[in-house]
Amino acid sequence: MRVRLEVPATSANLGPGYDSYGLALDIVDTLTVTVADAAVDADRCVEVTGEGAEVLPRDRSHLIMQIIGEVLEAEFPDVAADLSPRLSLECVNRIPHSRGMGSSAAAVVAGIGLAAELGAWSTGEEMSRDRILEIATAIEGHPDNAAPAIYGGLTVSLSAPVQSWQVPVRTLEHVTVLVPSVRLDTEVARGLIPAGIDHAIAAENSARAGLLVHGLSNDARVLFEATRDRLHQEFRRSAYPESMELVDALRAEGFPAVISGAGPTVLVLAEAVPDTLVPAGIVAHRTAIDLGGYRVSRED
């Protein structure tokens, strides 16, 4: 039996929606789990092509394999011991790693989603997407990337209790992501944000977060104003100076540009960006907004 799952890249924050807003993008990783008739070699049970193929492990220490095993054990304990040794995984990775496009959340959601499908196949017990979000948030620490990877589109999420709402996106069908070659560890970026923020800054960002929902749902003309941020981007300028210079240059030309997640990718809430504004070494992707979240199919 095989389970095939496609999970989208995501962009978190979108400027003012720190740790709460996320947008699913039509750049997908494809993961396929095969259930063999007997145990497979635990040291060579993973194949990887594409992003990270040179460095990712091929044994059960691979993040997705770890999560599949842990979720099976926690949610489907009666079948976990039988299933886990018989699993192999094929990964076709397209989401850039350590670029602020939700590659970690995609892997976590994929692992949980695959475990859910394996558990349903073995026991008939379905796991809801809301439960998948709860588990993903416990692993990731916050739901901003996991929620759009699960549900698709624009999501607004809370961490405690874990809840997420889809917001209809009517004013844009495509966005532009500008992906640099450099990488940035999320924890490095998060460590630069101060523990306390002035109430006036928080109030300003709250207003713009609300305006952003209006802009994506009803009136794209407000997106430039709605994507101004004072809560996190400027504090992290030293971690991605070139990306912030690009954000500054794009905004100077009227484009609603922000840092995608923890960076250093730049997200532009616009269908296209002129080539003259894209520096050398940056790869520009015009990508559709993914509206459905992860997709899964089974071959018995």
Side-chain angles (χ1 to χ4, degrees), residues 7-25 27 29 63-64 66-67 70-71 74 95-113 115-116 127-167 177 183-197 201-202 205-206 208-210 212-213 216 227 229-236 239-240 258-265 267 289-290 293-294:
V7 61
T10 54
S11 181
N13 303 332
L14 312 184
Y18 181 67
D19 271 7
S20 55
Y21 281 31
L23 187 69
L25 308 175
I27 300 170
D29 284 353
L63 177 60
I64 295 176
Q66 286 187 52
I67 291 172
E70 291 169 2
V71 174
I95 303 172
H97 288 185
S98 301
R99 306 298 215 296
M101 294 180 67
S103 61
S104 172
V108 168
V109 167
I112 304 168
M127 184 188 297
S128 71
R129 294 208 175 201
D130 290 349
R131 176 59 180 151
I132 290 172
L133 179 62
E134 290 177 357
I135 299 170
T137 302
I139 295 171
E140 283 278 285
H142 39 83
D144 52 353
N145 286 105
I150 294 168
Y151 303 112
L154 172 66
T155 56
V156 180
S157 305
L158 297 176
S159 295
V162 177
Q163 298 180 77
S164 186
W165 296 267
Q166 279 183 296
V167 177
V177 286
R183 301 171 186 264
L184 177 64
D185 184 89
T186 300
E187 293 308 312
V188 171
R190 294 184 75 85
L192 296 172
I193 301 174
I197 297 291
I201 292 175
N205 260 55
S206 295
R208 289 204 166 93
L212 180 57
V213 169
L216 289 170
T227 50
D229 166 74
R230 294 181 61 199
L231 197 60
H232 63 99
Q233 289 185 169
E234 195 61 40
F235 294 115
R236 302 199 278 203
Y240 37 61
V258 298
I259 298 294
S260 179
T265 291
L267 170 72
I289 296 171
D290 178 282
Y294 79 82

Shortest non-hydrogen separation from [X] to [Y] and the atoms involved:
X      : Y      : value
Pro148 : Pro8   : O-CG, 4.4 Å
Val7   : Ala110 : CG1-CB, 4.2 Å
Leu267 : Ser11  : CD2-OG, 3.3 Å
Tyr240 : Pro264 : CB-CB, 4.0 Å
Phe235 : Ile193 : CB-CA, 4.4 Å
Arg236 : Asn13  : NH2-ND2, 3.8 Å

(message) Whether the Thr265 and Ser260 side chains hold a donor-acceptor pair (N or O, under 3.5 Å, no angle test) is what I'd like checked.
(response) no
(message) Taking the side chain as everything from C-beta on, heavy atoms only, tell me whether Val71 gets closer than 4.5 Å to Met127.
(response)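 Counting from C-beta outward, Val71 and Met127 do come under 4.5 Å.
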(message) Side chains of Pro143 and Ser159, heavy atoms from C-beta outward: is any pair under 4.5 Å?
(response) yes
What distance do [X] atom [atom1] and [Y] atom [atom2] have between them, rounded to the nearest 0.5 Å?
X      : Y      : atom1 : atom2 : result
Asn205 : Arg230 : CG    : CZ    : 8.0 Å
Glu70  : Ile139 : CD    : CD1   : 6.5 Å
Ile112 : Ile132 : CD1   : CD1   : 7.0 Å
Leu184 : Thr186 : CG    : OG1   : 7.0 Å

Between [X] (side chain) and [Y] (backbone), is there a donor-acceptor pair under 3.5 Å?
X      : Y      : result
Asp290 : Gly152 : no
Arg129 : Ile150 : yes
Gln233 : Val258 : no
His232 : Pro16  : no

(request) Kindly write out the residues that satisfy salt bridge (Lys or Arg N to Asp or Glu O under 4.0 Å) with Arg208, not counting sequence neighbours, or none if the list is empty. (result)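 Here the qualifying residues are Glu204, Glu225.
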(request) Report the residues that fulfil salt bridge (Lys or Arg N to Asp or Glu O under 4.0 Å) with Asp29, sequence neighbours left out, ordered by chain and then residue number. (result)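 Here no residue qualifies.
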(request) Could you name each residue pair satisfying salt bridge (Lys or Arg N to Asp or Glu O under 4.0 Å) that touches residues 130-155, not counting sequence neighbours? (result)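 For residues 130-155: Glu75-Arg131, Arg131-Glu134.
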(request) Take Met101 and Ile27 through the test side-chain contact (heavy atoms from CB on, under 4.5 Å) and record every step on the way to the result. (result) CA-CA 9 Å; Met101 294 180 67; Ile27 300 170; 3.7 Å; yes
(message) Among residues at least two apart in sequence or on other chains, which ones pass side chain to side chain contact (heavy atoms under 4.5 Å, CB included) with Val167?
(response)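 Val167 satisfies side chain to side chain contact (heavy atoms under 4.5 Å, CB included) with Leu154, Val156, Val213, Ser217 only.
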(request) Dump the intermediate steps for side-chain contact (heavy atoms from CB on, under 4.5 Å) on Leu14 and Thr227, then the final yes or no. (result) CA-CA 7 Å; Leu14 312 184; Thr227 50; 5.8 Å; no
(request) Could you list the residues that satisfy side chain to side chain donor-acceptor pair (under 3.5 Å) with Glu234, not counting sequence neighbours? (result)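 Side chain to side chain donor-acceptor pair (under 3.5 Å) check on Glu234 returns Arg237.
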For residues 17-25, which side-chain donor-acceptor pairs fall under 3.5 Å, sequence neighbours excluded?
residue : atom : partner : partner atom : Å
Asp19   : OD1  : Arg190  : NH1          : 3.1
Asp19   : OD2  : Arg190  : NH2          : 2.8
Ser20   : OG   : Gly17   : O            : 3.2
Ser20   : OG   : Tyr18   : O            : 3.4
Tyr21   : OH   : Ala209  : O            : 2.8

